[in-house]
Protein chains: 2
Amino acid sequence: MSKSTQKSKIDRTGDRFELTRGSHARETAEDYVEAIARLIEEKGTCRGVDLAKLFQVTQVTVSKTLSRLQSEGLVDYEPYGPISLTKSGATMASYARERHEVVLEFLRSIGVSEEIAQVDAEGIEHHVSPETLEAFRTIARRKGTC
Amino acid sequence: MSKSTQKSKIDRTGDRFELTRGSHARETAEDYVEAIARLIEEKGTCRGVDLAKLFQVTQVTVSKTLSRLQSEGLVDYEPYGPISLTKSGATMASYARERHEVVLEFLRSIGVSEEIAQVDAEGIEHHVSPETLEAFRTIARRKGTC
DNA sequence: TGACAAGTTTAGCGTAGGCTAAGTTTGCGT
DNA sequence: ACGCAAACTTAGCCTACGCTAAACTTGTCA
Ligand SMILES: [Mn+2]
Ligand SMILES: [Mn+2]
Ligand SMILES: [Mn+2]
Ligand SMILES: [Mn+2]
């Protein structure tokens, strides 16, 4: 033993490339919990059909994704029932929403048109670290100025 | 006929949510061609093992992805041979690289630390429209000023 | 009460991108 | 020449997220 880790697997020292599988699943989770929170807030309830319309995918896709998110402890629902967030899901939703809003406000503040800002924010939000988010906040705050 | 599109499928009017499957495949393609271009430029040749080290995945994953990219006409290589870019792949690489550099420079210019900027740029680059990129360029240009 | 429509799930399929294990090819040094 | 190590591929498995077709549940209304 102590022949050091034979076969060594992978050295993840300083990798700026995240493993895409895990990354993409996290992005999906963030979009879902954010949408669920908003739907519940805006129309009192959230159903699979609402998410399917919003994300432009079939209800089947939504159903399968929700079941994954439930198994991960983010959402809660019974078959054929309305969808709610767990405490952990609600926490993720609130962070996701805050980040989304900051990114969107930031894009508007640097003169990106509304439609484009909406689309870009939807993607960028998932790749913004706390440090970058803070820098975005600062810029958005002095919108127009300078 | 003309009963309007029965079953209607999906109305993709104004969707800011891209279909994730296609999106992620495009992001992977962008990272690969950009990396291949850089490796060829910097060390004269590009092999699967280089990409595996860079992306921190196994050579098996690289091999399968390269075969997909070849079938899409972006890269060219023979079994056990070095990897090159097609014209189309080189074009994509040059756009990807320009975008990557602008995003990175922009993040630096608003005070994000080097390491964080590197990581965030790697993700953000894939979600920046031409309009947003232009806004980033403008901000990066007046780095320090204001 | 029952029929119907809308919503949801299940079954089965495809692609993309991860992995390990095992075999193949290639280049190099002795 | 040969052997060996590194590089690469193939086989087979997994998860995530798309889809269609088909079955099931639920609420509503005649
Ligand atoms: Mn969002
Ligand atoms: Mn999003
Ligand atoms: Mn890049
Ligand atoms: Mn990237």
I83(B) CD1 - dA7(D) C1' separation (whole Å): 11 Å

Going through the distances and angles, do E30(A) and R99(A) end up as a salt bridge (Lys or Arg N to Asp or Glu O under 4.0 Å)? CA-CA 11 Å; E30(A) 288 170 353; R99(A) 231 180 11 185; 3.1 Å; yes

Short side-chain N/O contact from T58(A) to OP1 or OP2 of dT20(D), under 4.0 Å: no

Atom pair distance, as rounded to whole Å: CZ in F55(B) and P in dC19(C): 13 Å

Could you tell me whether Y32(B) contacts a base, only the sugar-phosphate backbone, or nothing, with contacts defined as non-hydrogen atoms closer than 4.0 Å? nothing

Contact class for S67(B) (heavy atom, under 4.0 Å): base, sugar-phosphate, or nothing? nothing

Report yes if a side-chain nitrogen or oxygen of T61(A) is closer than 4.0 Å to either non-bridging phosphate oxygen (OP1 or OP2) of dC19(D); otherwise report no. yes

Should R16(B) and D120(A) count as an ion pair when the cut-off is N to O under 4.0 Å? no

Provide, to the nearest angstrom, the distance between the CZ atom belonging to R47(B) and the P atom belonging to dA7(D). 9 Å

Answer with base, sugar-phosphate or nothing: what part of the nucleic acid does V60(B) contact at a heavy-atom distance below 4.0 Å? base

Among dT9(C), dC19(C), dA16(C), which nucleotide sits nearest the side chain of V57(B)? dC19(C)

Just the rounded figure in Å: distance from P of dT10(C) to CG of L66(A). 12 Å

If the threshold is 4.0 Å, N to carboxylate O, is there a salt bridge linking E131(A) and R137(A)? no

Shared hydrophobic cluster for V119(A) and L133(B) (ILVMFWY, side-chain gaps under 4.5 Å): no

Closest nucleotide of DNA chain C for Q59(A) versus for E72(B): which of these residues is on the 5' side? Q59(A)

Presence of R68(A) side-chain N/O under 4.0 Å of dC17(D) phosphate oxygens OP1/OP2: yes

Between atom CD in E18(A) and atom P in dG17(C), what is the gap in whole Å? 15 Å

For E27(B) and dA16(D), what is the distance between atoms CD and P respectively, to the nearest whole Å? 18 Å

D31(A) CG to dA16(D) P, in whole Å, measures 16 Å

Reckon S63(B) has a side-chain N or O less than 4.0 Å from the OP1 or OP2 of dC8(D)? no

Report the residue (C46(B) or K64(B)) whose heavy-atom-nearest nucleotide on DNA chain D is the more 5′ of the two. C46(B)

Please determine whether a side-chain nitrogen of the Lys or Arg among E41(B) and R38(B) lies less than 4.0 Å from a carboxylate oxygen of the Asp or Glu. no

Closest to the side chain of Y77(B), out of dT9(D), dC8(D), dC17(D), is dT9(D)

Y80(A) side-chain proximity, nearest of dC24(D), dA21(D), dA21(C): dC24(D)

